[in-house]
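Only heavy atoms go into these numbers, but all of them, side chains included; no hydrogens, no water, no symmetry mates.
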Amino acid sequence: MKYINKPELEAAFQGFRAQEAYLHSEATSFVFVRNFKVRLEEVFIAGEGPYRLALRFDEIGWLRMEALTHYEIMADGKLLLAGYDEFGRMNVALHLGKEPFPE
């Protein structure tokens, strides 16, 4: 994974806008969701690093995440984002893909 480059990340999200995608998200000790089928409508990325991200789905729902630091675009088109603390521990993660994630 590499540090978030805001323009590159915004461009990567364009491949998911206005179409169905599968979402996996987790925040250490708080939240875990996998294979939520959503239609991504809007993407907002704020901050100078770590970043805040807000995703709007189907014009009726939002997912907001904070403290994102890294991202990767996989060869199969999946978009992976993560937030690491000063000790290198992952605290938050978001994955988007066009196919369901393995159970």
Side-chain angles (χ1 to χ4, degrees):
M1 297 188 95
K2 61 183 182 176
Y3 285 106
I4 288 176
N5 174 298
K6 193 172 173 181
E8 286 180 12
L9 185 56
E10 288 169 336
F13 271 110
Q14 292 304 312
F16 291 95
R17 289 192 66 187
Q19 40 186 309
E20 289 184 346
Y22 291 88
L23 175 118
H24 167 85
S25 178
E26 57 186 280
T28 306
S29 302
F30 300 109
V31 176
F32 177 89
V33 297
R34 192 163 190 86
N35 288 327
F36 276 31
K37 190 174 181 181
V38 295
R39 183 176 177 86
L40 181 61
E41 297 296 332
E42 295 182 73
V43 177
F44 299 95
I45 303 169
E48 298 300 320
Y51 293 89
R52 293 180 310 280
L53 176 71
L55 305 176
R56 185 175 185 188
F57 303 110
D58 307 306
E59 298 185 9
I60 60 169
W62 290 86
L63 173 64
R64 183 173 182 259
M65 302 186 86
E66 294 192 17
L68 291 162
T69 57
H70 292 75
Y71 82 108
E72 184 173 350
I73 302 168
M74 305 297 291
D76 62 1
K78 289 183 178 98
L79 178 58
L80 312 177
L81 292 97
Y84 295 95
D85 68 12
E86 65 275 8
F87 301 108
R89 296 176 298 206
M90 186 178 70
N91 289 322
V92 63
L94 173 71
H95 302 167
L96 281 177
K98 306 240 171 133
E99 302 292 327
F101 292 93
E103 293 289 323

Novice: How long is the gap from OG1 on Thr69 to OH on Tyr84, to the nearest 0.5 Å?
Specialist: 7.0 Å
Novice: Using 0.5 Å steps for rounding, measure from the CG atom of Leu23 to the CG atom of Leu55.
Specialist: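 Answer rounded to 0.5 Å: 7.5 Å.
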Novice: Taking Lys78's backbone N and O only, do any of them form a donor-acceptor pair with Asp76's side chain (distance below 3.5 Å, no angle check)?
Specialist: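 Indeed, once roles are kept as given, a pair shorter than 3.5 Å links the two residues.
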Novice: In sequence, state the C-alpha distance, the side-chain angles, and the governing distance for Leu53 and Leu9, and then conclude on side chain to side chain contact (heavy atoms under 4.5 Å, CB included).
Specialist: CA-CA 11 Å; Leu53 176 71; Leu9 185 56; 5.5 Å; no
Novice: As an exercise, state the distance from CG of Leu96 to CZ of Phe101, rounded to the nearest 0.5 Å.
Specialist: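 Going from the CG atom of Leu96 to the CZ atom of Phe101 covers 6.5 Å.
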Novice: Which atoms form the tightest heavy-atom contact between Phe16 and Ala21, and what is the distance?
Specialist: CD2-CB, 3.9 Å
Novice: Do you know which two heavy atoms are closest between Ala82 and Met90, and how far apart they sit?
Specialist: CB-SD, 4.0 Å
Novice: Ignoring hydrogens, what is the shortest heavy-atom contact between Phe87 and Asp85? Give both atom names and the distance.
Specialist: N-OD1, 2.8 Å
Novice: According to ring-ring contact (aromatic ring centres under 6.0 Å, His included), who are the partners of Tyr3, at least two apart in sequence or on a separate chain?
Specialist: His70
Novice: Does Phe44 share a hydrophobic cluster with Tyr51, counting links as ILVMFWY side-chain heavy atoms below 4.5 Å and allowing steps through other members?
Specialist: no
Novice: Can you name the nearest heavy-atom pair linking Ile4 to Tyr71, along with the distance?
Specialist: CA-CD2, 3.6 Å
Novice: Rounded to the nearest 0.5 Å, how far does CE of Met65 lie from CD1 of Ile45?
Specialist: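 CE of Met65 is found 13.0 Å from CD1 of Ile45.
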Novice: For residues 27-47, which residue pairs pass the salt bridge (Lys or Arg N to Asp or Glu O under 4.0 Å) check, not counting sequence neighbours?
Specialist: Glu20-Lys37, Arg39-Glu41, Glu42-Arg56
Novice: Between Leu80 and Met1, which heavy-atom pair has the shortest distance, and what is it?
Specialist: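 Result for this residue pair: O-CE, 3.5 Å.
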Novice: Could you grab the distance from atom CZ of Phe13 to atom CD of Glu8, nearest 0.5 Å is fine?
Specialist: 13.5 Å
Novice: Do His24 and Phe32 pass the ring-ring contact (aromatic ring centres under 6.0 Å, His included) test, and can you show the C-alpha distance, the side-chain angles, and the key distance before you say yes or no?
Specialist: CA-CA 8 Å; His24 167 85; Phe32 177 89; 5.1 Å; yes
Novice: How many angstroms lie between atom CD of Glu26 and atom NE2 of His95, to the nearest 0.5 angstrom?
Specialist: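 Reported to 0.5 Å precision, the distance equals 7.0 Å.
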Novice: So Leu63 and Val33, side chain to side chain contact (heavy atoms under 4.5 Å, CB included) or not? Walk me through it.
Specialist: CA-CA 11 Å; Leu63 173 64; Val33 297; over 6 Å; no
Novice: Under 6.0 Å from the CD atom of Glu48, do we count more than 12 heavy atoms belonging to anything else shown?
Specialist: no
Novice: Of the non-hydrogen atoms in Ala67 and Val92, which two are nearest, and what is the gap between them?
Specialist: O-CG1, 4.0 Å
Novice: What I'd like to find out is whether the side chain of Leu40 reaches to under 4.5 Å of the side chain of Phe57, using heavy atoms alone.
Specialist: yes
